[in-house]
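One structure below.
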Protein chains: 2
Amino acid sequence: MGQKRATLADVARLAGLSKTTASMVLNGREGTRLSAEAHQRVFAAAEELGYRPNVAARSLRTRKTATIAFVSDIVATTRFAGGLIRGALDAARERDHVLLITETQGDAAFERYAIEAMLDRQVDGVIYAAMASRRLTVPDAILGGPVVLLNATSGEDLPSVLPDDERAGAAVTEILLRQGHHDHIALIGRNELKESDPEVSIAAGARLRGVRSALAAAGVGLFAECFCVDWLPEHGYAAMRTLLSRSPRPSAVICMNDRLAFGAYQALGEAGLSVPGDVSVVSFDDDPIAAWLRPGLTTAALPHERMGRRAVEILLDGGAAGPSLVPMPLRRRRSTAVPAAR
Amino acid sequence: MGQKRATLADVARLAGLSKTTASMVLNGREGTRLSAEAHQRVFAAAEELGYRPNVAARSLRTRKTATIAFVSDIVATTRFAGGLIRGALDAARERDHVLLITETQGDAAFERYAIEAMLDRQVDGVIYAAMASRRLTVPDAILGGPVVLLNATSGEDLPSVLPDDERAGAAVTEILLRQGHHDHIALIGRNELKESDPEVSIAAGARLRGVRSALAAAGVGLFAECFCVDWLPEHGYAAMRTLLSRSPRPSAVICMNDRLAFGAYQALGEAGLSVPGDVSVVSFDDDPIAAWLRPGLTTAALPHERMGRRAVEILLDGGAAGPSLVPMPLRRRRSTAVPAAR
DNA sequence: CTGTTAGCGCATTCAT
DNA sequence: ATGAATGCGCTAACAG
């Protein structure tokens with residue numbers, strides 16, 4: 001692309017100075033003071049020629065590329081985790097860096113290939129991201145340089161950024177408690193596998209702990225718990241139906257994510273029950289659908305954008321090893337109310 | 001990253017040959033025949049050292065970087081257009097290329113900055129993508145090299161990739177027609193602005209044309225048309241309610257996208273009407289929500305992944321100027337049925 | 001058929 | 001305070 005770009009030599013020649021001088025001026029080297037006139041001349045020449053340094057040449061010399069690799073299992077194409085990329089993109093731009101994005105699709109061969117491709121391009125660091133927050137094993141190849149884990153942790157003590165699911169679990173539960181719900185709060189989305197295996201999910205366990213601790217603090221327990229093989233609308237639908245088939249019915253339900261909540265809404269609607277009149281619903285994620293539901297769903301938002309930002313901040317500006325928790329803001333909509341008189 | 005990598009010189013030395021020979025062997029140059037033994041030695045040495053070429057050095061020389069810029073207004077972070085990136089990523093990988101992704105967020109200053117950052121990195125070409133298919137003006141800066149427009153067209157005669165919305169419009173309508181719907185088919189989502197200004201949308205006009213032509217071929221017209229200021233669930237909801245407030249009600253409705261259809265489902269549900277028993281619904285996009293609805297929504301899918309692939313194919317393998325239409329596959333679910341007896 | 005030589009554009013010693 | 005020379009790792013003329 002870009003046919004004939006001016007080189008540093010061109011600028012120096014036009015300014016009537018040496019390449020060294022031009023280079024120093026343009027890079028604003030501190031150590032040595034150049035005459036004010038030299039500055040003028042160099043800048044003027046650079047301006048006139050529309051000079052832009054050749055990054056390849058520079059990095060050959062400096063071994064820095066102002067490029068960071070963003071490798072993920074599948075996050076890049078996932079509908080609501082695009083926020084991770086946007087946040088990273090923003091923070092990178094603010095620091096004059098650029099993102100090389102790849103997806104491994106969970107395939108080990110792809111991953112190896114992707115990582116080598118990044119390394120060949122001398123990236124300054126890598127952000128290793130997972131779609132669903134979980135623990136993963138980091139390929140040795142990238143341990144040679146700066147790495148930060150995004151939406152994931154690992155056995156090694158690497159810096160990582162994660163949403164604060166546990167606190168969100170408590171927060172969401174407290175909303176219900178404060179509105180007067182007590183011993184008729186049900187939970188949809190228990191899942192042994194997700195809760196016990198950090199390589200599958202770390203959100204599930206954390207959310208559950210948060211919910212339980214808030215409940216315990218209020219001196220109550222869960223009224224009912226529905227297990228779901230996965231967190232999709234159909235599972236929320238089925239869970240809500242079983243909940244409704246029993247009596248008494250819960251006054252409120254906490255869904256482990258918004259898709260489950262969507263399914264719950266569907267079951268409630270079919271049963272002729274209203275949210276929040278008959279049952280209150282709260283959830284996690286702030287999937288776009290949460291705002292589209294009628295009434296809007298109160299949920300704890302996954303702070304994707306902030307997380308993406310944070311990852312590059314830690315990578316570039318430095319940061320402590322270990323996990324860094326990003327708070328999940330509450331999106332309060334109209335899906336909760338005081339329990340109906342019974 | 002990657003501390004000390006072996007260089008070509010190292011490989012040559014270990015093989016006891018010259019750098020030239022090593023380079024030629026490794027690059028499989030055709031012109032000149034190297035001895036089979038030289039091959040062996042070079043490969044063995046490269047293998048032993050774990051040699052990988054330094055891309056920066058190579059591109060300094062060849063002016064190729066095996067990197068393509070993916071610049072979009074906002075697509076990168078948009079929930080269901082991630083498919084565009086995934087497709088591009090896949091096709092790029094197959095060709096040993098890598099993607100430098102940026103987002104301009106519709107801001108001219110960001111855009112200029114982003115494009116310069118890409119050009120500084122000597123990208124081999126750029127894919128210029130829009131979130132919603134529309135016509136846009138391409139910055140001069142990137143016209144110096146290969147460009148392909150993704151989900152967009154421009155005044156210049158550049159290669160571009162677009163979904164075939166018009167054919168989808170006809171296809172979706174024909175489903176209804178074939179099931180026996182005739183003069184009671186309503187349309188939700190008319191929008192003068194989207195239809196008339198290609199810089200806002202090209203999908204709206206195309207879909208509408210498709211619907212009308214299919215209807216005309218069957219000798220019927222639209223039973224009703226609802227205008228919507230935007231294509232969000234709330235607008236679909238409102239439109240459906242007005243449709244329902246009149247008598248007779250439509251036997252089927254075509255929604256301009258899935259979010260509108262979602263709103264229509266909500267209104268239908270509240271009115272105690274069933275899909276497809278009372279009214280059939282078809283739509284466009286295949287938003288994830290289409291599969292989550294009960295019953296699943298029949299819709300014409302935006303072929304994001306194929307489009308992303310196509311864009312890099314055209315960019316790298318060459319392709320004709322002008323628009324290239326990608327078919328929108330029908331996702332047949334359970335939202336249509338023969339019209340109820342009336 | 002193989003090796004020598006010369007840059008690509010830049011940052012950086014080391015002289016001046 | 002400025003400039004000439006060197007080399008980052010690689011490929012491509014050009015000799016041998």
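Throughout, protein chains are lettered first and strands after them, A, B, ... in sequence-line order, and every chain is numbered starting at 1. Since this is a predicted model, take the numbers as computed values, not measurements.
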Salt bridge present between B:D120 and A:R58 (N-O < 4.0 angstrom): no

How many angstroms lie between atom CZ of B:R121 and atom CD of B:E116, to the nearest 0.5 angstrom? 11.5 Å

Which whole-number value in Å describes the distance from B:K64 NZ to C:dC8 C1'? 14 Å

With a 4.0 Å limit, can you tell me whether B:R63 has a side-chain N or O closer than that to the phosphate oxygens OP1/OP2 of D:dT11? no

Contact list (N/O, under 3.5 angstrom) for nucleotides 14-16 of chain C vs protein:
none

Just do the side-chain hydrogen bond (donor to acceptor under 3.5 Å, both in side chains) check on B:R310 and B:S324 with the steps written out, would you? CA-CA 9 Å; B:R310 181 72 68 84; B:S324 161; 2.4 Å; yes

For atom CG of A:L17 and atom C1' of D:dA4, their distance in whole Å: 14 Å

Checking C:dA11, D:dG3, C:dC8 against the side chain of A:N27 (C-beta onward), the nearest is C:dA11

Whole-Å distance, A:D10 CG to C:dG9 C1', equals 10 Å

Could you list by number each residue of residues 41-57 of chain A showing a heavy-atom separation from DNA chain D of less than 4.0 Å, or answer none if no residue does? none

Check whether any side-chain N or O of B:T21 sits under 4.0 Å from OP1 or OP2 of C:dG3, and answer yes or no. yes

Nearest of C:dA11, D:dC8, C:dC10 to any side-chain atom of A:T7? C:dC10

DNA chain D: A:L60 or A:G16, which has the more 5' nearest nucleotide? A:G16

Which part of the nucleic acid, if any, lies within contact of A:L8, taking any heavy atom under 4.0 Å across all strands shown: a base, the sugar-phosphate backbone alone, or nothing? sugar-phosphate

Counting only side-chain heavy atoms from C-beta out, which of D:dC8, C:dA6, C:dC10 sits nearest to A:K19? C:dC10

Side chain of B:R61, base of C:dG7: donor and acceptor closer than 3.5 Å? yes

Measure from the side chain of B:T20, starting at C-beta and using heavy atoms only, and say which of D:dT2, C:dT5, D:dA5 lies closest. C:dT5

Spatial distance of atom CZ (B:R95) from atom CD (B:E313) [nearest 0.5 Å]: 5.0 Å

Counting only heavy atoms not in B:E199, do more than 12 fall under 6.0 Å of its CD? yes

Is it the case that over 12 heavy atoms from other parts of the model lie below 6.0 angstrom from the CG atom of B:D140? no

Which of these passes side-chain contact (heavy atoms from CB on, under 4.5 Å) with B:L150: B:L315, B:I85, B:V161, B:I314? B:V161

Any side-chain donor near an acceptor of the partner, B:T62 and B:S59, under 3.5 Å: no

Would you kindly give the CD-to-C1' distance between A:Q122 and D:dC10, to the nearest whole Å? 12 Å

Check: B:D124 side chain, B:A66 main-chain N or O, donor-acceptor pair, under 3.5 Å: yes

Please state whether the phosphate of D:dG9, meaning OP1 or OP2, lies under 4.0 angstrom from any side-chain nitrogen or oxygen of B:R58. no

Between B:D90 and B:G87 (side chain of the first, backbone of the second, donor and acceptor by atom type, cut-off under 3.5 Å), is there such a pair? no

Is there a side-chain polar atom (N or O) of B:S23 under 4.0 Å from OP1 or OP2 of D:dC10? no

From CZ of A:R121 across to P of D:dC10 the rounded distance in Å is 14 Å

